[in-house]
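Accompanying notes for the structure given below.
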Amino acid sequence: MNRGFESVDYVMDRLFRDYGFHEKDVHKSDVIEWITDVLRKLPIKDVYFERGNGCDPRPVFVTITNYRGELPCDFIELKDVKVKDTQRGLDAATDTFLQNKTSSIITSTSPKLRYQIRNPYIFVDFPEGVLELAYYCMPLDEEGYPLIIADERVLMTVVSYVAFRIAFKLAIRGEFPDNKKEELKSIYTGNLLSTTSYLNTPTFKQALNILANSTGIHTRTSMFNTNFKDFGEVGR
């Protein structure tokens, strides 16, 4: 895997070059949202940061209003969550009622507080408060836009997903053929499966780390302390 990252503008250039979309069809705000969506589907948290603990221990707070709070824009995957004032932990909910704020089932009298993630929100079973998060996050550029790992398989997956979402949006308005939209969906799905398998295959170094971890001996230093020299050790 190549070291470094590519920007949102790089993805947009690929959409014009590889898929033939026109500027009127590609809106940067949509592209940013969809890039974030697809990055959350990929098993690449090992090359991202840990926020709230790990290499960036600064606390991250989310305000809950009407049973939900908006997640940070760089959020990838939750590690831990607790109520700020009481330090009471929350458990992941196994049902979907938390997403319906008007549900009569919602209650905070349960022995355990619960949460559910549905990007870009975290839903809880109490109406208001402040949460403290520890989570994996993606790096952002100076404008606050997500950066994409400079690996061709990852980039192909990201670009093909955004292409499909653009096609889907245009097809709803009758401006894109349904068969072409389904073709783009098939391309994205194939790229996602292939890239997920690729990223889940450990390198020799990662295999040694797995063996070391199973024996309780941890040999890998944080990538923050090694100036991210481990970027090349994700996937093959």
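In the hydrophobic clustering (ILVMFWY side chains linked at under 4.5 Å, chained through shared members), Leu193 stands by itself. In the hydrophobic clustering (ILVMFWY side chains linked at under 4.5 Å, chained through shared members), Phe61 is joined by Val130.
Counting only residues at least two apart or in different chains, ring-ring contact (aromatic ring centres under 6.0 Å, His included) contacts with residues 10-39 are absent.
Listed by chain and number, the residues in a side chain to side chain contact (heavy atoms under 4.5 Å, CB included) with Lys181 are Phe164, Ala167, Phe168, Ala171, Phe176, Asp178 (sequence neighbours excluded). Checked against ring pair (Phe, Tyr, Trp, His ring centres under 6.0 Å), Tyr188 has the following partners two or more places apart in sequence or in another chain: Tyr161. Under the rule for a side chain to side chain contact (heavy atoms under 4.5 Å, CB included), the partners of Asp9 that lie at least two apart in sequence or sit in another chain are Ser7, Met12, Lys28. By the salt bridge (charged side-chain N to carboxylate O under 4.0 Å, His left out) test, Lys169 pairs with Asp30, sequence neighbours left out. For the salt bridge (charged side-chain N to carboxylate O under 4.0 Å, His left out) test, residues two or more places apart in sequence or in another chain that qualify with Lys180 are Glu183. With sequence neighbours left out, Asp25 forms a salt bridge (charged side-chain N to carboxylate O under 4.0 Å, His left out) with no residue at all. Considering only residues two or more places apart in sequence or on other chains, Tyr121 meets the side chain to side chain contact (heavy atoms under 4.5 Å, CB included) condition with Arg68, Glu70, Phe123. Arg173 pairs by the salt bridge (charged side-chain N to carboxylate O under 4.0 Å, His left out) definition with Glu175, not counting sequence neighbours. Scored by the side chain to side chain contact (heavy atoms under 4.5 Å, CB included) test, Pro120 finds no partners at all (sequence neighbours excluded).
Atom CD of Glu143 has more than 12 neighbouring heavy atoms from other residues, nucleotides or ligands inside a 6.0 Å radius.
Under the 3.5 Å distance criterion, the side-chain polar atoms of Ser194 are left unmatched by any main-chain donor or acceptor of Gly190.
Annotation for Pro72 and Val60: closest pair CG-CG1, 4.0 Å, computed over non-hydrogen atoms.
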